[in-house]
Amino acid sequence: MMEMEAEKPTFSAFERFLYWFFIPIVFTMVLIGALLSLFDYNVKDELLKIGNKVPGLSAVLPDPKTDVKTDAKAVQPADAATSGESTPEAVAAEATAQLAALQKQLEAQTAELAGSAQTLKDKDQTIKDLQAKIAALEAQKVSQAKSDEEYQALIAETASMYAKMSPSKAAPIMQNLTLKEQVLLLSEMKTDDRVRILEKMDPKKAAEASIYLKDAVPAKDKQIAALQERLDLNKTTASATQQSGITKQELGQTFANMTPKSAAELLVEMNKTDSGKVIEILNSMDVAARSKVMTYLSDNFKEVAPVIASKLAP
């Protein structure tokens with residue numbers, strides 16, 4: 001028993017202070033420092049601040065670092081107050097200026113859109129006008145085509161009328177036509193009918209007509225040439241009539257002295273180009289001569305006679 005008590009260790013006062021007080025206090029301080037560092041608490045600067053307050057240590061210890069964020073926050077209100085840019089009046093003025101600028105920009109864009117809309121409207125109107133003109137031209141073209149077809153049908157009908165006549169009667173009448181008119185009518189006939197009429201015509205005139213017939217000319221050009229030649233002939237005839245001083249009565253008397261056949265045939269040809277002149281001539285003839293001519297017309301030109309007679313009626 002006494003031996004066991006002799007072996008029990010003994011601690012000195014320093015050791016007891018070290019184990020019981022100093023080590024736990026140091027451990028606790030280290031733990032607290034670690035926790036404060038973990039929560040972003042600057043322990044070093046706080047200790048330096050405390051140490052600088054102790055006389056004698058302030059000369060040895062360095063100054064603690066100042067908090068930049070805190071200083072910035074402290075300085076910011078002063079700067080803002082000094083500059084005056086963040087005041088409500090300044091913000092309102094800036095907002096008003098921006099609103100005015102946006103309003104001007106909106107007005108400019110609105111005006112531009114209005115101008116574009118007017119331009120599009122003008123273009124649409126131009127397109128409509130052009131479409132109307134095109135429609136009118138197309139209608140005119142169709143009408144012209146119908147007129148050309150009707151005129152061609154009349155030429156074919158006249159050529160058929162001459163072909164149905166006996167060559168001995170058709171040839172003298174056709175010789176009174178202009179050369180281009182002879183060619184126009186002969187070109188519309190069949191070859192056999194054309195040959196029979198040419199045989200009965202004056203050899204010189206038949207030769208001239210046959211020369212023109214051999215040339216391959218479009219029908220439209222033949223029609224134009226015949227009309228132009230007839231117009232020239234009418235101008236020449238009118239000029240000669242004016243120069244000779246022939247009156248209507250004299251012209252009517254001339255036709256009255258002709259045989260009814262010759263007068264009727266000549267009047268039929270004149271009726272193709274100047275129906276008014278035919279009526280004037282018949283009105284200037286005496287009743288007996290006009291009756292004979294009209295009788296021949298009704299017997300041999302059944303299609304033309306009623307037309308002339310209707311114009312003679314008062």
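Only a predicted model underlies this, so the values are computations on that prediction, with no experimental measurement involved.
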Distance-only donor-acceptor pairs under 3.5 Å for side chains of residues 105-121, two or more places apart:
from : atom 1 : to   : atom 2 : distance (Å)
T110 : OG1    : L106 : O      : 2.7
S116 : OG     : E112 : O      : 3.0
Q118 : NE2    : D122 : OD1    : 3.1
T119 : OG1    : G115 : O      : 2.9

Do any pairs count as a salt bridge (charged side-chain N to carboxylate O under 4.0 Å, His left out) and have a residue in residues 18-36, sequence neighbours left out, and if so which ones?
-> none
Results of side chain to side chain donor-acceptor pair (under 3.5 Å) for K169 - residues two or more places apart only = none
Those residues that, when tested against D192, pass side chain to side chain donor-acceptor pair (under 3.5 Å) (two or more places apart) | none
If a pair satisfies side-chain hydrogen bond (donor to acceptor under 3.5 Å, both in side chains) and one of its residues is in residues 282-303, list it, with sequence neighbours excluded.
-> none
Taking F255 as the fixed residue, which of V293, L282, I281 is the one that meets the side-chain contact (heavy atoms from CB on, under 4.5 Å) rule?
-> I281
Residue list, side chain to side chain donor-acceptor pair (under 3.5 Å) with D124, at least two apart or on another chain | none
Set of side-chain contact (heavy atoms from CB on, under 4.5 Å) partners for T126, sequence neighbours left out = L130
Just jot down the salt bridge (Lys or Arg N to Asp or Glu O under 4.0 Å) partners of E280, sequence neighbours excluded, or say none.
-> K277
Could I get the full list of side-chain contact (heavy atoms from CB on, under 4.5 Å) partners for V30, not counting sequence neighbours?
-> V26
What residues form a side-chain contact (heavy atoms from CB on, under 4.5 Å) with S262, not counting sequence neighbours?
-> M258, T259
Residues that N271 engages under side chain to side chain donor-acceptor pair (under 3.5 Å), provided they are two or more places apart | none
Could you tell me which residues satisfy side-chain contact (heavy atoms from CB on, under 4.5 Å) with E199, sequence neighbours excluded, listed by chain and number?
-> V195
